[in-house]
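Written out below as structure tokens is the structure these notes cover.
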Amino acid sequence: VRNLDQQTLLRSAARSISGLADVLVQEVRNPLSGIRGAAQLLSENVAATDVKLTKLICDDVDRIDALVERLSAFTETSSEYRLVNVHRILEHVRQLAVKDFAAEIIISEHYDPSLPYVWGSRDQFERMFLNLLKNAAESVRRNKGAGKIILETRYEPGVGRILPGTSRWRHLPLVVSVCDTGAGVCETTRNHLFEPFSDKEAGDYGLHLAYASKVTDDHGGMIDVESRHNFTKIKIYLPAASESQK
């Protein structure tokens, strides 16, 4: 019951941020480009002492544009759904991680070979799991110790949920987890972990987990977190592809 109530709140939050993202992407990005271009032109014709002011304008415009870019993931765009092998996606994002932001962190894999296919958007899944890996790597670094990240999959045929507003049961047997031995999640943050802008101190403003919540819900799944001292596990529950989709 607690999880279902939480999922309802998360759906509302994700839909709200989607509307905001549509407005920002359409109405903010173009003016930002104009402001930045004007500042660059001014820098060529002002005194040397004022160049730092035009640079300040450009830097702030870039910071706002980066935030709008993060929000653009929430815009309501149509995605191509197909049969997706979750293990291939996890392997792809793991390789991206070890070559970039998690180069110094051990990433282990514990996969269930019996995991079936999922019907969904490969692009959205890749972005979601890459974001979760970034969060895990950041948590490990904050802990200032030797930490690691663990990618897990398992098949649990008894897991599912009742669809909101109906009595229909949806099976969610695919469980994909991103675990880390980082700093953990404090109790006050845990209750708002998947809400947009829940963590203003984080580089992503809490948008990575909010995006994971949206993608999971769009695919008929459910998301949950388990956290204790020096351990956090983000669990994604997904439905298997039906026979008609194969």
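All figures in this text were calculated on a predicted structure; none of them were measured in a lab.
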Using a 6.0 Å cut-off, check whether atom CD1 of I106 has over 12 heavy atoms from anything other than its own residue. no
I89 CD1 to Q124 CD distance, which is reported to the nearest 0.5 Å: 10.5 Å
For residues V118 and N85, determine if any side-chain heavy atom of one lies less than 4.5 Å from a side-chain heavy atom of the other. no
Atom CD1 of I223 and atom CG of L132: how far apart are they, to the nearest 0.5 Å? 6.0 Å
Is the shortest heavy-atom distance from the side chain of Y81 to the side chain of D218 under 4.5 Å? yes
If every non-hydrogen atom of T153 is compared with every non-hydrogen atom of D112, which pair is closest and at what distance? OG1-N, 2.9 Å
Does the side chain of E226 reach to within under 4.5 Å of the side chain of F231, using non-hydrogen atoms? yes
Consider only side-chain N and O atoms of E44 and Q40, and report whether a donor and an acceptor are under 3.5 Å apart. no
So do W119 and S242 actually touch side chain to side chain, heavy atoms under 4.5 Å? no
Drop me the distance from E156's CD to H171's NE2, to the nearest 0.5 angstrom. 13.5 Å
Give a yes or no on this: more than 12 heavy atoms of other residues, nucleotides or ligands lie within 6.0 Å of atom NZ of K233. yes
Do V176 and F129 touch side chain to side chain, with heavy atoms closer than 4.5 Å? yes
Charged N to carboxylate O under 4.0 angstrom, E91 versus R88? no
4.5 Å side-chain heavy-atom contact, L238 and L172: no
Just jot down the side chain to side chain contact (heavy atoms under 4.5 Å, CB included) partners of A47, sequence neighbours excluded, or say none. T49, D50
Only counting residues at least two apart or in another chain, list the ones meeting side chain to side chain donor-acceptor pair (under 3.5 Å) with K55. D59
Within one Ile-Leu-Val-Met-Phe-Trp-Tyr cluster: V84 and L96, side-chain cutoff 4.5 Å: yes
If I take atom CG from residue N143 and atom NE2 from residue H229, how far apart are they, to the nearest 0.5 angstrom? 7.0 Å
Just verifying a value: how many Å separate K214 NZ and M128 CE, rounded to the nearest 0.5 Å? 11.5 Å
Taking side chain as C-beta onward, heavy atoms only, is H87 less than 4.5 Å from P113? no
State, yes or no, whether a side-chain contact exists between L90 and R94 at a heavy-atom distance under 4.5 Å. no
Linking I/L/V/M/F/W/Y whenever their side-chain heavy atoms sit closer than 4.5 Å, directly or via other members, would L133 and I150 fall into one cluster? no
Rounded distance [0.5 Å steps], NE2 in H219 versus OG1 in T216: 8.5 Å
Under-4.0 Å salt bridge between E126 and R122: yes
